[in-house]
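What follows is a set of notes on a single structure, which appears directly below.
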Amino acid sequence: KPFKDNITDFGVFGWVEAGEDQGQIFNNTRVYKQDGKFIYDNVQFWIGGAQYYFTALVPYNGAAWTYTTSNAQTGTISFDNASAAANQDLLFAYVKPDMTPAQITAAPNAVAFNFNHMLSRVKFTFINNFAEGSNIELLVTNVHVTDAYKTGTIDVINGVAANVWTPADKTYDITFGNVGKLTEKGRNASTEHFYLIPADATYNVTFDIALYQAGVLVDNYARSASVSVDMLRGYSYELK
């Protein structure tokens, strides 16, 4: 999960505006960390009396997103969760600094991006409800969401990303993997977190169970469940 300290690079889209005219100065320019500071190549200059706009998305390297834009404040983010293997977070930021003074006599402040998470983070927790003393252990494996959304788009209007995604292609099988053995003394166990495109939807969850009694494997069976949840961007969900 990206945090300030472990973000290594991001893409920046930047525009300059003077009067009614706009021009693009950054088109997914890579900003990267070097010696603890973020820098970029081909430095651009602040010009007096101009207005600047910046949009940024994380990550840059290996990104599963694209940003289509034709002006400083409007665009569309597209995200391919299958390409990201459901294991890539997506962060978005927009900033409009104060207009530069007519005469610049000191270096302007660095552009400060306040990033927001754009996806939903999900994990599954399984609970052994056999009574204490029953001597029953459960091994949960092969946890899948078989019908997640592969792709989605979200609009940016006046620099603000919409609250709701438009998801598409609900055929993506996400492998959450194995949970491990649920013992009587440790009855809960969870998968790792993976990312889903936020949506109000019902998902099919499948998993396998091996049932042990007194340490002896006595049964194997497959299970499935329907899970309905209204996922919101920027939220983390534990589904039990």
Assess whether side chain to side chain contact (heavy atoms under 4.5 Å, CB included) is satisfied between Asn114 and Val95, documenting all intermediate values.
CA-CA 8 Å; Asn114 182 20; Val95 61; over 6 Å; no
Hey, does the side chain of [X] reach the backbone of [Y] with a donor-acceptor pair shorter than 3.5 angstrom?
| X | Y | result |
| --- | --- | --- |
| Lys170 | Tyr149 | no |
| Asn81 | Tyr195 | yes |
| Ser83 | Asp80 | no |
| Tyr32 | Tyr60 | no |
| Ser120 | Leu232 | yes |
| Thr69 | Asn71 | yes |

Hey, does [Y] have a side-chain heavy atom less than 4.5 Å from the side chain of [X]?
| X | Y | answer |
| --- | --- | --- |
| Val31 | Phe10 | yes |
| Glu132 | Arg187 | yes |
| Met231 | Val122 | yes |
| Val12 | Asn28 | no |
| Phe126 | Lys240 | no |
| Pro97 | Phe54 | yes |
| Asn204 | Val227 | no |
| Arg30 | Asn61 | yes |

Between the side chains of Thr183 and Glu137, is a donor N or O closer than 3.5 angstrom to an acceptor N or O? no
When Thr68, Thr66, Asp155 are each screened for side chain to side chain donor-acceptor pair (under 3.5 Å) with Thr76, the one that passes is Asp155
Flag yes if more than 12 heavy atoms outside [X] fall under 6.0 Å of its [atom1] atom; otherwise flag no.
| X | atom1 | value |
| --- | --- | --- |
| Asp230 | CG | yes |
| Asp219 | CG | yes |
| Gln44 | CD | yes |

Between Met118 and the options Trp165, Trp65, Phe79, the side chain to side chain contact (heavy atoms under 4.5 Å, CB included) test singles out Trp165
Evaluate the criterion side-chain hydrogen bond (donor to acceptor under 3.5 Å, both in side chains) for residue pair Gln73 and Tyr94; output intermediate values, then yes/no.
CA-CA 8 Å; Gln73 296 174 288; Tyr94 166 86; 3.2 Å; yes
Applying a strict under-4.5 Å side-chain criterion to I, L, V, M, F, W and Y, I'd like to know whether [X] and [Y] cluster together.
| X | Y | result |
| --- | --- | --- |
| Val43 | Phe113 | yes |
| Val160 | Tyr52 | no |
| Ile127 | Val229 | no |
| Phe26 | Ile47 | yes |
| Val164 | Tyr235 | no |

When rounded to the nearest 0.5 angstrom, what is the spacing between [atom1] in [X] and [atom2] in [Y]?
| X | Y | atom1 | atom2 | answer |
| --- | --- | --- | --- | --- |
| Ile77 | Ile154 | CD1 | CD1 | 6.5 Å |
| Ser70 | Gln22 | OG | CD | 9.0 Å |
| Leu211 | Asn220 | CG | CG | 9.0 Å |
| Thr202 | Asp147 | OG1 | CG | 8.5 Å |

Correct closest heavy-atom pair for Thr55 and Phe92 would be CG2-CE1, 3.5 Å
Minimal heavy-atom distance between Ser134 and Gln213, with the atoms involved, is O-NE2, 4.4 Å
Residues joined to Leu139 in its hydrophobic cluster, side chain to side chain under 4.5 Å directly or through other members, sorted by chain and number, are Tyr212, Leu217
